[in-house]
Amino acid sequence: MAQKAAVQPSEETLSLWKREQARLKALLVDRDTEAWQRDPAFSGLRRVGGVDVSFVKGDCVSACASLVVLSYPELEVVYEESRMISLTAPYISGFLAFREVPFLVDAVRQLQEKEPSLMPQVLLVDGNGVLHHRGFGVACHLGILTELPCIGVAKKLLQVDGLENSAAHKEKIRLLRAGGDVFPLTGSSGTVLGMALKSHDHSTKPLYVSVGHKISLEAAVRLTRCCCRFRVPEPVRQADIRSREYIRRTLGHSGPPVPGQERSQKGPRPKAHPKGGSAGLAGEGRHPEDLSRGPGADPEATQLGCWEQQGRAWQSPGPGHHEDSNCRPSTPASGW
DNA sequence: GCGACAG
DNA sequence: ATCTTGTCGC
């Protein structure tokens with residue numbers, strides 16, 4: 001088995017990746033392109049997609065990629081596609097897309113072939129958009145390759161362009177009052193790269209929302225907020241839940257025969273905080289739906305293992321598409 | 001050597 | 001990302 005994912009890319013590869021990001025970044029559209037994005041109630045929006053990749057514990061190549069589509073505004077899952085994959089690139093901060101995006105593009109392509117009528121009108125991506133080292137995170141990358149509006153939703157602040165998880169930053173978080181409250185993430189360059197969003201009244205940690213593609217930051221934040229039943233927006237949360245469950249059901253038994261399955265108490269464990277912010281509990285009744293998908297066998301077990309070979313667009317991102325330029329979002333909440 | 005490090 | 005148990009709260 002090609003366990004390429006463990007190998008660190010050479011400097012040459014990283015250079016190529018950077019050039020690829022720069023090339024695709026030129027095609028990025030960071031404003032609203034769809035009518036529903038401008039509507040206060042998102043009228044016209046019916047399907048919101050979410051993607052995520054979950055990993056197998058002791059394995060650095062096996063993972064499960066999921067794409068879900070939820071109805072809007074009901075937020076009910078109307079489509080799910082989960083599939084085992086073999087990762088070929090390692091995780092490197094700033095290059096997440098080269099690890100996950102090829103599989104997510106595959107999932108979108110499969111949906112297009114199987115149920116084109118369920119194609120989402122926007123995708124929420126687990127990770128950043130323009131809030132990125134070179135302004136081109138995984139949400140931008142996926143947006144460009146699929147031509148779909150995308151929103152980056154990260155759970156931790158990526159410290160770039162002067163942004164840091166400093167005491168001052170934590171203080172701003174502390175000042176967020178109710179769900180929907182936000183504050184801008186302004187890089188030292190003066191550009192607003194994204195917004196920290198308190199997605200739920202009782203969530204302590206904010207979400208870091210940024211533009212992926214074909215949507216304005218204002219609409220991205222507003223929609224993310226509208227998709228939150230819990231801290232993490234439903235589309236991403238469902239993709240996460242289902243990808244993990246797929247792994248558990250697929251190889252949960254013959255799983256990782258890794259050593260050290262001994263239970264031991266190592267390291268400090270936080271005692272229960274009397275006033276902790278537990279905003280992610282989900283009693284959530286999951287239906288024992290038939291996830292009878294194909295076997296775990298991967299069609300192309302013959303991974304050529306060449307990173308450079310991935311990332312090809314499956315649709316030629318041609319020019320065109322412009323709506324209007326007079327964007328006048330009627331200042332929503334505090335912060336802008 | 002030290003700190004950072006989306007997922 | 002993943003492991004890990006209980007606990008507090010609606």
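Being a predicted model, the structure only gives us computed values, none of them experimental.
Contact annotation: A:Lys155 does not reach the phosphate of B:dA6 (side-chain N/O to OP1 or OP2, under 4.0 Å). A:Arg244 has a side-chain polar atom (N or O) that falls below the 4.0 Å cut-off from OP1 or OP2 of C:dT2. Phosphate proximity of B:dA4 to A:Lys156: absent, as no side-chain N or O sits under 4.0 Å from OP1 or OP2.
A tilted orientation is assigned to the rings of A:Phe136 and A:His141, their planes being inclined by 30° to 60°.
A donor-acceptor pair under 3.5 Å is formed between the side chain of A:Gln121 and the backbone N or O of A:Gly44.
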Pairs counted as Watson-Crick or G-U wobble with both distances under 3.5 Å: what dot-bracket string results for DNA chain B, using | for bases tied to another strand? .......
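Within the 4.0 angstrom heavy-atom criterion, base atoms lie near A:Asn128. Across all strands shown, A:Gly152 has no heavy atoms under 4.0 Å from either base or sugar-phosphate atoms.
With a 4.5 Å cut-off on side-chain heavy atoms, A:Leu27 and A:His213 do not count as touching. Looking only at side-chain heavy atoms (C-beta outward), A:Val122 and A:Glu34 stay at 4.5 Å or farther from each other.
The CZ atom of A:Phe55 sits 12 Å away from the P atom of B:dA6 (whole-angstrom rounding). The distance between atom CG of A:Asp52 and atom P of B:dA6, rounded to the nearest whole Å, is 15 Å. As a whole-Å value, the separation of A:Phe230 CZ from C:dG9 P is 18 Å. Here the C1' atom of nucleotide C:dT2 and the CG atom of A:Asp59 are 12 Å apart, to the nearest Å.
Comparing the C1' positions of C:dC3 and B:dA4 gives an interatomic distance of 22 Å, to the nearest angstrom. Rounded to a whole angstrom, the distance from the C1' atom of B:dC5 to that of C:dT2 is 16 Å.
With A:Tyr79 as reference, A:Val69 is the one residue of A:Val69, A:Leu70, A:Val68 to meet the side chain to side chain contact (heavy atoms under 4.5 Å, CB included) rule.
For the pair A:Arg222 and A:Phe42, the distance from NZ or CZ to the six-membered ring centre is under 6.0 Å and the angle to the ring normal is within 45 degrees.
A:Asp32 and A:Ser216 are linked by a side-chain donor-acceptor pair at a separation below 3.5 angstrom, with hydrogens and angles left out of the test.
Both geometric conditions, a ring-centre gap below 5.5 Å and a plane tilt below 30°, are fulfilled for A:Tyr91 over the base of B:dG7.
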